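Predicted, not measured: the structure shown is a model, and the values here were computed from it. Sequence lines set the chain letters: A, B, ... in the order given, protein chains first and strands last, and positions in each chain run from 1.
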Amino acid sequence: MALQETGCRSSRLVIMKEMTPLEEIRHSTAHVLATAVLRLFPDTQLDIGPPTESGFYYDFDLETPFTPEVLEAIEAEMKKVIKENQRFERIEVSREEAIKIIKEMGQERYKLGRLDDIPEGEAISFYRNGEFSDLCAGTHVSYTKKIKAFKLLQVAGSYHRGDASNKQLQRIYGTAFATKDELAEHLERLEEAKKRDHRNVGRELGLFHIDEMVGQGLVLWKPNGAIIRQELEAFISSELNKQGYSQVYSPHVGKLDLFRASGHFPYYQDSQYPPIIHRDCLSELAKEGCSCSDLSNKLDEGEIDGYLLKPMNCPMHIRIFKSEQRSYRDLPIRLAEFGTVYRWEQSGELNGMTRVRGFTQDDAHLFLREEQLQDEIQGCLGLVKLVFSVLGMSDYRVRVSLRDPDSDKYVGEAAAWDKAEEALRQAVKTLDVEYEEEIGEAAFYGPKIDFVVRDVIGREWQLGTVQVDYNLPERFDLSYVGSDNQDHRPVMIHRAPFGSMERFCGVLIEHFGGAFPTWLAPEQVRILPMNDDLLDNAEELLNELKQRQIRASVDRQSGKLGAKIRKGETDKIPHMVILGQREVEDGKVSLRSRNNPEWDGSLPLDEFIARIENEISSKALPKQRESS
RNA sequence: GCCGAGAUAGCUCAGCUGGUAGAGCAACGCAUUCGUAAUGCGUAGGUCGUCGGUUCGAAUCCGAUUCUCGGCUCCA
């Protein structure tokens, strides 16, 4: 990791580390970019330009928008700078001198602030190449000609210091490699990733559709996608039953008062769909000449009630818990639901299935005694781990979010937090995966563990989560009767191992590139008759497979076998059964199997059915074919 | 929400500086009945996202709007 000299998040996290040679190239390319931009637009104010995981960026403040044409001109200018073979030179200076240099360059707007970030006593350095120099800890390549392969990729807006209340700057992203071949390879990988993108695969395989007329961020699950979701839900559901969960159902809307009690309505209004108010109430208010802001106030004050599309399932589950008297012997009570919630995500954040406005959480709420905390957390984590391992997902990271002891934004007692944090820590250790603790990332109501995965483009998405909650039991005055015959406050755990079905399926589509394991595949077997005379035999076989709950179809095209096979491959069918005269006579099938290439060839029908049934029930993962 | 880019047939895209649209794949029809990744021929399909404006004339220029994409910010 590069040094964060100009630190994105926190200047306290500055860690001086040697740059790798590749990072040096990228960082130097960023400087060349800034050199070129200043040549073309001398009034530009520079912010920062660090290397990133796959390239670099530089943030600029100027009025001229960076259009694709401008970007091309910049790239051409960069090539000139490289050709000039400027030497990168390090100059260490005092703080006063640094201020002077920055002023001479006319770069006061951001660079002075960046200079302030450098702690007293630390070296202050500039790197100079040709006419350009930049406050920078380094390090750099020796000469600009060492930059052999770079490309500017895109322009984006970014806020100075990542703060939306600051001015928005223009950020140019680019990438650079040691050789042209490596750059070409990288660009090719990006193209490949695009093909795996769940939005493309989802359309090609008819999994889901987001329709303008239905609404932004609202997913329509098409038949094929619905099958995948049903299989996943059935899988999770059976695990829940094994683990002592009780499944419940709750409505999609609830009274505002419910969400006032939980705190969701007052605190998270900006990210909720607006409340639903009864017609009579509205017309009455209209008669009174009530303005929109009056209405909003009345809603806030609780003077009028209405309904809210639920942003969370927990208030509903809490009311289920509270609907009966609970004894300590009943705990833990684990209420699970595939509960659909609605949140008004910012329009710019919406993304295929991974960021949507209506989604179904594989949610559950556990009500327990304090001493049951660790066991239950462990149980939750076990479920997550099981799910991930069955799906062959190993590329995830675990984040333990703890409170910042210096902050007072948290509810609950410090001692309880300590216990909960320790319970989380212990539980996550049993997972036997790497995890990182993040101080200050806890929710205000309790610490949590999140599972984060990357999509094909390298973006990270939070999936599963396990959160301890001290807040809601308090707000809803939950209690159980203890062995001492006194009322006690239960602790709550929120957990969702998949996060949401939408996001999880999106990630899963990319994980498998659309080539699902047979148990999840919408179409498990496709029968390819050699010619139309065999259509009846194909139908017969189809019926047999259907009787055994194997999802199959017959390819009725009248083309050549090669064409049918090609179609089956692009449709990512796990098993293709070729039915020719030979097979019909011998009672065999000829198999071409994407998920089990070693089965390829001729085998008796019974054998095939037995194998595939076993493959499905064992939820076997696809075996990699060499070429694909 | 903010910055930037974009929206042309079911999909992927072409259509330069204004003269009312084109390809490949898919679909459909006919022929073909074929042994492990593309058989041939033909047909149909678009008020160029939507609404306004400029113009004799707009897919093309301008404005607004909806949606999408890449980031940024946010994500109980």
Side-chain angles (χ1 to χ4, degrees), chain A residues 8 57 59-61 65-71 153-173 194-195 197 199-200 203-204 206 209-217 259 262-272 311-312 314-315 341 343-352 355-357 442-446 448 450 457 459 461-462 465 467 469 471-472 494 499 503 528-535 557-571 576-583 590-594 600-602 627-628:
Chain A
C8 310
Y57 66 82
D59 285 348
F60 303 99
D61 185 358
F66 287 139
T67 60
E69 294 77 48
V70 173
L71 218 58
L153 297 174
Q154 60 221 11
V155 189
S158 70
Y159 297 104
H160 173 55
R161 290 187 188 278
D163 183 341
S165 61
N166 283 339
K167 182 167 185 192
Q168 190 157 39
L169 312 173
Q170 296 191 74
R171 173 175 295 179
I172 296 180
Y173 279 96
K194 237 182 176 176
K195 282 187 211 156
D197 190 310
R199 289 166 296 189
N200 293 329
R203 183 180 355 87
E204 284 155 16
H209 173 65
I210 295 175
D211 192 279
E212 203 173 312
M213 217 173 197
V214 174
Q216 279 188 296
F259 297 103
S262 69
H264 294 124
F265 179 66
Y267 295 145
Y268 299 106
Q269 259 192 66
D270 287 349
S271 43
Q272 290 165 0
M312 289 277 239
C314 30
V341 298
R343 298 182 189 175
W344 189 262
E345 303 288 357
Q346 296 185 63
S347 62
E349 266 311 324
L350 298 172
N351 181 285
R355 192 76 189 265
V356 292
R357 284 185 172 160
F444 73 90
Y445 53 74
K448 58 178 182 169
D450 294 317
I457 319 174
R459 288 180 295 207
W461 298 100
Q462 185 193 306
T465 182
Q467 314 186 349
D469 189 342
N471 179 42
L472 287 176
H494 309 246
R503 181 175 292 179
L528 315 183
M530 281 302 301
N531 59 54
D532 291 358
D533 296 339
L534 294 162
L535 272 173
Q557 291 180 81
S558 71
K560 283 194 192 170
L561 180 62
K564 296 181 187 181
I565 297 221
R566 184 184 152 76
K567 184 82 170 68
E569 290 290 343
T570 57
D571 288 347
M576 280 182 263
V577 166
I578 288 122
L579 201 62
Q581 202 55 46
R582 289 208 297 264
E583 283 75 21
S590 176
L591 198 62
R592 177 172 167 127
S593 178
R594 153 188 280 284
D600 281 10
S602 175
S627 56
S628 68

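- For A:R161 against B:C72, no side-chain N or O and base N or O form a donor-acceptor pair under 3.5 Å.
- In the interface, the side chain of A:E583 is paired with the base of B:G35 through a donor and an acceptor atom under 3.5 Å apart.
- Within 4.0 Å (heavy atoms only), A:E204 reaches no atom of the nucleic acid at all.
- Scanning atom types as modelled, no donor and acceptor separated by under 3.5 angstrom connect the side chain of A:D533 and the base of B:U33.
- Residue contacts shown for A:D270 are absent, as no nucleic acid heavy atom lies under 4.0 Å away.
- Straight-line distance between the C1' atoms of B:U60 and B:C25: roughly 27 Å, to the nearest whole Å.
- Counting non-hydrogen atoms under 4.0 angstrom, A:Q581 reaches a base of the nucleic acid.
- Taking the P atom of each, B:U66 and B:U50 are spaced 15 Å apart, rounded to whole Å.
- At the heavy-atom level, A:Q154 lies under 4.0 Å from the strands shown only through sugar-phosphate atoms.
- Nucleotides B:G6 and B:U33 are separated by 46 Å at their C1' atoms, to the nearest Å.
- Straight-line distance from the CD atom of A:Q216 to the P atom of B:C67: 4 Å, rounded to whole Å.
- A:Y445 comes within 4.0 angstrom of sugar-phosphate atoms only, judged by non-hydrogen atoms across all strands, and of no base.
- In this model, a side-chain donor or acceptor of A:S271 finds a partner on the base of B:A76 within 3.5 Å.
- Side-chain atoms of A:Y159 come within donor-acceptor range of the base of B:G1, with a qualifying N/O pair under 3.5 Å.
- B:A14 is unpaired under the criterion used here, namely a Watson-Crick or G-U wobble arrangement in which both key atom distances are under 3.5 Å.
- Using a 4.0 Å heavy-atom criterion, one finds that A:M312 contacts the sugar-phosphate atoms exclusively.
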